[in-house]
Amino acid sequence: LDCPCGDARVGVLLAAHGARITGVDLNERFIAKARERFDAAGLGPEQAQLHVADMRTLPGLDGFDAVLNWFNSFGYFSVAEDFGVLVGFAAALRAGGRLLLEAPVREGLLDNIRHKCDADGTPLSGIHWDERTDRLVVRFSVPGPDGPREVCSGTHMYSLTQYRLLLRAAGMRLETG
């Protein structure tokens with residue numbers, strides 16, 4: 001289970017090497033692009049099932065050898081909703097299955113942000129660490145029909161200890177190796 005699968009950059013490579021992929025993403029455009037990628041690679045429905053769905057609700061998806069959560073795709077919701085995502089991932093796994101969750105090391109990310117600067121040497125604007133909520137908040141402008149508008153997006157950056165607690169509470173355990 002590749003969740004969220006985005007445009008299947010990883011999933012199509014895994015399927016090309018024999019994995020059967022179920023991709024889930026809330027964004028219909030990503031699922032359409034994923035279908036294009038699988039089609040272009042000559043991979044059909046027996047190698048990939050793609051679904052437009054919210055990762056917070058994965059009804060009927062279970063028995064997976066692995067759940068893949070790539071590219072820092074965890075932490076966009078409240079702590080309670082993030083925990084619910086982990087519970088859903090645990091339920092989607094067969095006994096002995098693995099959750100592969102890619103996330104930045106919080107301390108390294110924060111250190112990186114503190115040392116990054118714009119081309120003129122001033123600290124990066126639009127990126128803020130919120131100590132109160134443990135969220136990395138990014139503000140940026142996007143074009144729109146009525147002109148540019150300001151958008152704010154945030155990601156909860158869990159510490160290793162917090163991941164251990166969340167995973168344990170969801171019935172899983174963190175493995176290192």
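In what follows, residues are counted from 1 in the order of the sequence shown.
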Please walk me through it: do Arg56 and Phe77 pass side-chain contact (heavy atoms from CB on, under 4.5 Å)? CA-CA 9 Å; Arg56 292 172 286 188; Phe77 310 116; 3.4 Å; yes

Report yes or no: does [X] contribute a side-chain atom to a donor-acceptor pair with the main-chain N or O of [Y] at less than 3.5 Å?
| X | Y | value |
| --- | --- | --- |
| Glu36 | Lys33 | no |
| Arg135 | Gly154 | yes |
| Arg35 | Leu50 | yes |

Has Glu28 got more than 12 heavy atoms of other residues, nucleotides or ligands less than 6.0 Å from its CD? no

Can Asp7 and Arg9 be counted as an ion pair, charged N to O under 4.0 angstrom? yes

Sequence neighbours excluded, every pair satisfying salt bridge (Lys or Arg N to Asp or Glu O under 4.0 Å) that has a member inside residues 64-80: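 Output for this query lists Asp65-Arg94.
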
Would [X] and [Y] show up in the same hydrophobic cluster when neighbours are defined by side-chain heavy atoms closer than 4.5 Å?
| X | Y | answer |
| --- | --- | --- |
| Phe83 | Met172 | yes |
| Val151 | Tyr76 | no |
| Phe74 | Leu174 | yes |
| Val137 | Met157 | no |
| Trp70 | Leu26 | no |

Give the intermediate values and the outcome of side-chain contact (heavy atoms from CB on, under 4.5 Å) for residues His156 and Val79. CA-CA 8 Å; His156 192 115; Val79 174; 3.6 Å; yes

Counting C-beta onward and ignoring hydrogens, is there a side-chain heavy-atom pair between [X] and [Y] closer than 4.5 Å?
| X | Y | value |
| --- | --- | --- |
| Asn69 | Glu102 | no |
| Pro4 | Ser73 | yes |
| Phe89 | Met55 | yes |
| Arg173 | Leu167 | no |
| Val24 | Leu61 | yes |
| Leu68 | Leu101 | no |
| Trp129 | Glu131 | yes |
| Arg98 | Glu175 | yes |

Cation-aromatic face contact Arg106/Tyr158, 6.0 Å, 45 degrees: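 Because its charged atom misses either the 6.0 Å distance or the 45° angle limit, Arg106 does not stack over Tyr158.
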
Just do the side-chain contact (heavy atoms from CB on, under 4.5 Å) check on Phe140 and Ser153 with the steps written out, would you? CA-CA 9 Å; Phe140 52 96; Ser153 177; 4.2 Å; yes

Heavy-atom closest pair, residues Gly23 and Ile31: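 Reported closest heavy-atom pair: O-CD1, 4.4 Å.
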
For residues Ala34 and Gly6, report the shortest heavy-atom separation together with the two atoms involved. CB-O, 4.0 Å

My understanding is that only one of Leu1, Leu14, Val12, Val10 makes a side chain to side chain contact (heavy atoms under 4.5 Å, CB included) with Ile21; could you say which? Leu14

